[in-house]
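Below, read A as the first sequence line, B as the second, and so on, with proteins coming before strands; counting in each chain starts at 1.
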Protein chains: 2
Amino acid sequence: MITNMKHIKKELTDKNIKPTYQRLCILEYLHDNLVHPTVDMIYNKLVDRIPTMSKTTVYNTLKIFSENNIVNEITITGTETRYDTNCKSHQHFLCKKCKKIYDINITYQDSEIINKDIFGHKVQEIHGYFKGICKQCLENDKIKD
Amino acid sequence: MITNMKHIKKELTDKNIKPTYQRLCILEYLHDNLVHPTVDMIYNKLVDRIPTMSKTTVYNTLKIFSENNIVNEITITGTETRYDTNCKSHQHFLCKKCKKIYDINITYQDSEIINKDIFGHKVQEIHGYFKGICKQCLENDKIKD
DNA sequence: TTTCATATTTGTAATCATTACAGATTAATA
DNA sequence: TATTAATCTGTAATGATTACAAATATGAAA
Ligand SMILES: [Mn+2]
Ligand SMILES: [Mn+2]
Ligand SMILES: [Zn+2]
Ligand SMILES: [Zn+2]
């Protein structure tokens, strides 16, 4: 338990979300595992501690979190949604081989664009990401050669 | 038929892809409909002209096109893959309301990053997109008020 | 042309993530 | 305590995509 439970509870109550046990566990998991996990990763980890946990609850909870800007949904893989509690503006790197998503902190001039217009369209979110082969996979390949 | 068939045929033969009737029709559709269509949109349009067309063929063909860099797969909606034959570097705007994807031509310094390293990861693709409400939907909302 | 091998297309079934829904459980309120 | 609302749970349905095998078309040798 890396993250303080009181902070997590406050994060929910501040947004008028009832801090139920399931919600606290899911949010705690997200804060302690900043690897952009899938619903399955979250569920499979928590079901050990909470055997009654339902996958539907994970989906429902993440939907509430997303609507309240507690998590960001990342849909760059094309297969499943990944979840991110890092709400600071940042980019991502998706490894085509191992499917890991890394944070890339390149400071952009986001503030210039966000909530403004771009060709008449109202911008609410800015997403940027790179695809390729990650450092670790590159090194694994080297060893094979 | 806006695009010249000879050009389309050459595009395939240049990459050693047999220019079958189905493949030509799909590629022609993509060139004439630069709206980032879904598999369903492509299939439903083409099945009128080619009643034997199979949706699996659309999937197979787009996979071959993607592997040969004839189309780009866009996975920003989270629900289904959209396809783009505009291979010049450009950004996208996804409208949360009507789900239309618009091209946004902001010149980036892509060439500085592509095929180079970023924190040790090998970058092969750069993606950037915005989410919000598009011009047309904003205007439709105005009328309602 | 006929024969045979190969590539492509097609239709159906399977898979997998996500959503819909209704009943069970829990919490809040009177 | 009794009543009501919110939350959670399990299962069924949905929808996009993939797997697979049979049907069809293509193309080269004989
Ligand atoms: Mn992140
Ligand atoms: Mn485009
Ligand atoms: Zn990797
Ligand atoms: Zn719109």
Write down the distance between CZ (A:R82) and P (C:dC16), rounded to a whole number of angstrom.
17 Å
Protein-nucleotide distance (B:L46, atom CG; C:dT10, atom C1'), rounded to Å:
15 Å
From C:dT18, C:dA28, D:dA19, pick the nucleotide closest to the side chain of B:T56?
D:dA19
Taking CG from B:L62 and P from C:dT9, how many angstroms apart are they, rounded to a whole number?
12 Å
Regarding A:T38, tell me which of base, sugar-phosphate or nothing describes its non-hydrogen contacts under 4.0 Å with the strands shown.
nothing
Looking at the side chain of B:T20, which of C:dT8, D:dC20, C:dT18 is the nearest nucleotide?
C:dT8
Here the distance between atom C1' of C:dT8 and atom CG of B:L24, to the nearest Å, is 13 Å
Just how far, in rounded Å, is P of C:dT9 from OH of B:Y59?
17 Å
Sub-6.0 Å ring centroid separation between B:H92 and B:F130:
no
N or O in side chain of A:T81 less than 4.0 angstrom from C:dT18 OP1/OP2:
yes
Counting N and O atoms only, with roles assigned by atom type, does the side chain of A:N86 sit under 3.5 Å from a partner on the main chain of A:K88, one being a donor and the other an acceptor?
yes
Heavy-atom side-chain proximity of A:L34 to A:T85 below 4.5 angstrom:
yes
Among the nucleotides D:dT9, C:dA17, C:dT9, whichever has the atom closest to the side chain of A:E80 is C:dA17
Using atom CG of A:D40 as one end and atom C1' of C:dT15 as the other, report the distance to the nearest whole Å.
13 Å
To the nearest Å, give me how far apart NZ (B:K55) and P (D:dA19) are.
17 Å
Nearest-Å distance for atom pair CD1/C1', residues B:I76 and D:dA16
17 Å
Which nucleotide, C:dT10, C:dA7, D:dT7, lies nearest any side-chain atom of A:K18?
D:dT7
Going by the angle between their ring planes, with limits at 30° and 60°, are B:Y129 and A:Y129 parallel, tilted or perpendicular?
perpendicular
Taking 4.0 Å as the cut-off, does a side-chain nitrogen or oxygen of A:Q22 come that near to OP1 or OP2 on D:dT9?
yes
Taking for B:S54 and for A:T79 the nucleotide of DNA chain C with the nearest heavy atom, the one nearer the 5' end belongs to B:S54
With A:T61, the side-chain contact (heavy atoms from CB on, under 4.5 Å) member among A:I17, A:I26, A:L24
A:I26
